[in-house]
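See below for the structure under consideration.
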There are 2 protein chains.
Amino acid sequence: MKSEHIPKATIGRLAVYIQVLENLLRDGNDVISSEKLAQACSVNSSQIRKDLAYFGEFGVRGVGYYVQELITSIKQSLGIDRVWKCALIGVGNMGSALLRHHDFERRGFKICAAFDCDPDKIGLEFEGMEIVCPTHLREQAPELNLEIGIIATPPDRAQRAANHLVDANIRGIINFAPSRINVPKHIPVEYVDFFDHLYAIAFQITLGND
Amino acid sequence: MKSEHIPKATIGRLAVYIQVLENLLRDGNDVISSEKLAQACSVNSSQIRKDLAYFGEFGVRGVGYYVQELITSIKQSLGIDRVWKCALIGVGNMGSALLRHHDFERRGFKICAAFDCDPDKIGLEFEGMEIVCPTHLREQAPELNLEIGIIATPPDRAQRAANHLVDANIRGIINFAPSRINVPKHIPVEYVDFFDHLYAIAFQITLGND
DNA sequence: GCAGTCATGTGAATTTTTTAACAAGACAGA
DNA sequence: TCTGTCTTGTTAAAAAATTCACATGACTGC
């Protein structure tokens with residue numbers, strides 16, 4: 001098929017497929033059908049086949065999908081078959097948790113520089129990285145080949161952080177701060193706030209109750 | 001309107017509206033139109049009015065929405081106009097970051113107990129809470145009125161943690177571990193994995209590139 | 001080499017979600 | 001009180017996503 005526009009929901013599901021497939025592989029499964037995978041992911045099997053069809057034909061009729069091969073294909077499709085270098089802005093609670101989170105590199109993302117405007121933090125070393133002032137972003141970004149910016153500042157500092165990232169020609173931004181930011185529209189932004197999920201749970205519980 | 005089925009996407013957007021409205025309020029805005037709010041949230045204004053219509057009529061024609069009032073109404077609609085007591089299982093990197101995250105209570109969720117099966121951790125005190133063995137969940141859950149379970153274990157321990165939570169009659173689960181879990185279907189589960197968003201950014205950057 | 005079985009890839013049908021359009025209600029100023 | 005301007009709530013139209021259904025291709029065993 002190899003289509004033009006791909007639903008955002010599809011991207012989200014591909015991430016789920018990868019997760020489940022990696023666990024399947026670890027448990028020694030070499031081949032899997034869309035039906036089985038669908039059950040493991042709690043989705044419809046047509047959904048899976050259609051999601052994959054956006055990117056190519058990865059299966060074998062009458063057989064299913066070779067797990068390792070499929071993982072590789074999905075990663076290629078998403079563009080995560082390589083390492084993306086990231087800049088972190090804001091080394092507070094959230095920021096330092098991210099720096100400690102060693103899954104980053106395994107999953108294809110590497111935090112290569114940490115920035116914070118707090119004078120008490122500048123100069124400190126954290127997880128083998130020196131914290132520097134965000135004004136240095138502009139010179140460091142090209143040097144270090146930074147492509148993705150991670151904002152983990154307080155909400156009122158998020159826009160300033162975004163401005164620094166835009167100035168530094170970063171290509172995409174992920175914002176952990178609980179506020180919206182404005183950037184030129186060619187730069188994709190993703191907002192992360194896990195309270196969304198807590199709200200969803202609270203809502204579902206409340207719903208079932210009356 | 002006051003409808004039956006509410007799209008999941010609507011719940012996600014309501015969370016965004018709250019975030020933006022709280023920032024607007026902080027900046028001294030008392031009233032806002034769906035059009036202005038829509039711009040701030042990067043959505044369509046009809047979308048906002050429709051999302052709100054699922055739950056009631058919160059605005060004034062010709063005027064707009066009173067910000068504080070709307071925040072309250074949305075929170076009531078979601079069931080987050082009260083404190084939800086949570087149990088955390090898994091006090092590793094992610095788990096301890098969650099315990100340190102002081103926004104929890106401000107946002108209506110309180111982690112009241114922390115569990116881990118690692119003998120080296122059991123008995124330790126962390127952020128004013130004693131880490132106990134998950135086998136105690138069943139007795140502590142009713143005592144402490146725990147309603148939501150937060151799983152932050154390694155992936156291969158997630159199912160066991162889920163089982164403990166189900167046994168303890170928990171009403172909803174949020175899973176930070178990168179693996180799927182099986183629970184009775186009356187218990188809502190939400191999966192949190194911020195790499196989803198990193199994948200989405202990587203994909204969008206790659207897409208724009210060729 | 002042929003029959004039977006299985007599971008993919010895909011076009012068509014269905015369902016869901018989003019957007020547009022407008023009638024009805026609220027306020028301000030004269 | 002009446003007129004004009006806003007902005008909501010809602011119905012109708014459009015767009016998008018999901019599910020169904022099946023023809024097509026692949027492998028197994030005889």
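For clarity, every value in this text was computed on a predicted model and none was experimentally measured.
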Task: Where at least one partner belongs to residues 181-197 of chain A, residue pairs that pass side chain to side chain donor-acceptor pair (under 3.5 Å), sequence neighbours excluded - done: A:K8-A:E190, A:E190-B:H197, A:E190-B:Q204, A:D193-B:R107, A:H197-B:E190
Open item on the list: Which residues pass the salt bridge (Lys or Arg N to Asp or Glu O under 4.0 Å) test with B:D103, not counting sequence neighbours?
Closed with: B:R106
Open item on the list: Any residue in residues 59-68 of chain A with a heavy atom nearer than 4.0 angstrom to DNA chain C? Just list them by number, or reply none.
Closed with: A:G59, A:V60, A:R61, A:G62, A:V63, A:G64, A:Y65
Open item on the list: Just so I know, are the side chains of A:S179 and A:D156 near enough to count as touching, which here means a heavy-atom distance under 4.5 Å?
Closed with: no
TODO: Find the distance B:E35:CD to C:dC22:P and express it as a whole number of Å.
DONE: 17 Å
Open item on the list: What contact category does B:S45 fall into here, base, sugar-phosphate, or nothing, at under 4.0 angstrom with non-hydrogen atoms?
Closed with: nothing
Task: Between A:F195 and B:F104, ring centroids under 6.0 Å - done: yes
TODO: Quickly work out the A:L70 CG to C:dT8 P distance and round it to whole Å.
DONE: 10 Å
- [ ] Please name all residues satisfying salt bridge (Lys or Arg N to Asp or Glu O under 4.0 Å) with B:E22, sequence neighbours left out, ordered by chain then number.
- [x] B:K75
- [ ] Can you tell me the distance, in whole Å, between the CZ atom of A:F58 and the P atom of C:dT10?
- [x] 11 Å
Open item on the list: So if I define the base as every atom that isn't primed, P, OP1 or OP2, how would nucleotides 12-21 of chain C read as a B/S/- string at a heavy-atom cutoff under 4.0 Å?
Closed with: B----SBBBB
Task: salt bridge (charged side-chain N to carboxylate O under 4.0 Å, His left out): pairs with one or both residues in residues 142-154 of chain B, sequence neighbours excluded - done: B:R82-B:E147, B:E147-B:R171
